[in-house]
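Structure first, then comments.
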Amino acid sequence: MSQQQQSNDVSIDAIPVDVANSQSTGVEPEDVPEEIRSITQALASEQPPTNPLVALKAARWWYIHGKGGTDPVFQWAIEWTRHLVTDRPSDVDQFDSFLDYLVTVGFADEKAALR
């Protein structure tokens, strides 16, 4: 954090970090910045991001604004990153939990609409 930033205005890139609402119990779709929404939807699609840094950008946002380390989007973004860097198969059960969570949060009415 630079000396000019306020302690309640912390960010390392253009994506805002709302410290006051960090680690919330519920994320509303309208609270998700467009770039994070786009990456999150891409992670659910049949053509997910192939750049680990892109997946980690979404992981960071969901970790801060979602349920921390237990947030299903955070967990799937980390799992997808692991898959990209190790070329090992990803965890299908974790992917299903991620899709279920996106439906719960309101990204889609059903999992099939996310693919």
Side-chain angles (χ1 to χ4, degrees):
M1 178 168 50
S2 76
Q3 292 179 351
Q4 295 178 353
Q5 287 180 317
Q6 301 294 319
S7 63
N8 61 355
D9 181 21
V10 180
S11 66
I12 56 174
D13 55 28
I15 299 172
V17 175
D18 186 354
V19 174
N21 290 324
S22 64
Q23 307 256 321
S24 66
T25 57
V27 173
E28 299 296 326
E30 61 271 7
D31 296 337
V32 181
E34 184 53 37
E35 182 178 5
I36 299 302
R37 171 185 292 278
S38 176
I39 296 169
T40 301
Q41 289 175 327
L43 285 166
S45 75
E46 293 185 11
Q47 295 181 339
T50 56
N51 183 336
L53 296 177
V54 171
L56 290 173
K57 185 180 276 189
R60 181 186 65 145
W61 191 91
W62 284 96
Y63 179 84
I64 294 169
H65 296 94
K67 298 176 181 176
T70 62
D71 187 274
V73 179
F74 167 77
Q75 290 178 338
W76 176 249
I78 295 298
E79 173 65 10
W80 182 248
T81 300
R82 185 196 60 76
H83 164 72
L84 290 174
V85 299
T86 65
D87 202 28
R88 292 186 186 155
S90 54
D91 184 338
V92 175
D93 292 334
Q94 201 168 39
F95 183 68
D96 284 340
S97 296
F98 161 67
L99 294 180
D100 288 340
Y101 183 68
L102 290 183
V103 170
T104 301
V105 171
F107 271 62
D109 291 333
E110 57 186 48
K111 292 190 320 187
L114 295 165
R115 302 290 295 166

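Since the model is a prediction, treat every value here as computed from it, not as a measurement.
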Worksheet item: Measuring from Leu84:CG to Leu53:CG, what's the distance to the nearest 0.5 Å?
Response: 10.0 Å
Practice prompt. With sequence neighbours excluded, give me every side-chain hydrogen bond (donor to acceptor under 3.5 Å, both in side chains) pair touching residues 41-53.
Written response: none
Response to the item:
Gly66 and Val27 have their tightest heavy-atom pair at CA-CG2, 3.8 Å
Worksheet item: Excluding sequence neighbours, so at least two apart, what forms side-chain contact (heavy atoms from CB on, under 4.5 Å) with Leu102?
Response: Thr40, Ala44, Val73, Phe98, Phe107, Leu114
Worksheet item: Closest approach of Ala108 and Ala113, non-hydrogen atoms and distance?
Response: CB-CB, 4.0 Å
Worksheet item: Can you name the salt bridge (charged side-chain N to carboxylate O under 4.0 Å, His left out) partners of Arg82, sequence neighbours left out?
Response: Glu79
Fill in: Partner set under side-chain contact (heavy atoms from CB on, under 4.5 Å) for Pro72, not counting sequence neighbours
Tyr101
Discussion item. Testing the basics here: between His83 and Arg88, what is the closest heavy-atom pair and its distance to 0.1 Å?
Written reply: ND1-O, 2.5 Å
Worksheet entry | Test side chain to side chain contact (heavy atoms under 4.5 Å, CB included) applied to Trp76 and Leu99, step by step | CA-CA 9 Å; Trp76 176 249; Leu99 294 180; over 6 Å; no
Worksheet item: Does Pro33 reach the side chain of Trp61, with side-chain heavy atoms less than 4.5 Å apart?
Response: yes
Worksheet item: Nearest heavy-atom pair of Ala77 and Ala59: which atoms, and what distance?
Response: CB-CB, 3.6 Å
Worksheet item: Of all residues at least two apart in sequence or in a different chain, which pass the side chain to side chain donor-acceptor pair (under 3.5 Å) check with Asp96?
Response: none
Worksheet, complete the sentence: For Trp80, the side chain to side chain donor-acceptor pair (under 3.5 Å) test, sequence neighbours excluded, returns none
Worksheet, complete the sentence: dist Leu56:CG -> Ile39:CD1 (nearest 0.5 Å) comes out at 10.0 Å
Worksheet item: Could you state the interatomic distance from CD1 (Ile64) to CG (Asp71), rounded to the nearest 0.5 Å?
Response: 11.5 Å
Practice prompt. Over all heavy atoms of both residues, which pair between Ala58 and Ile36 is shortest? Give the atoms and the distance, please.
Written response: CA-CD1, 4.1 Å
Discussion item. Tell me which pairs pass side-chain hydrogen bond (donor to acceptor under 3.5 Å, both in side chains) where either residue lies in residues 105-115, with sequence neighbours left out.
Written reply: Asp100-Lys111
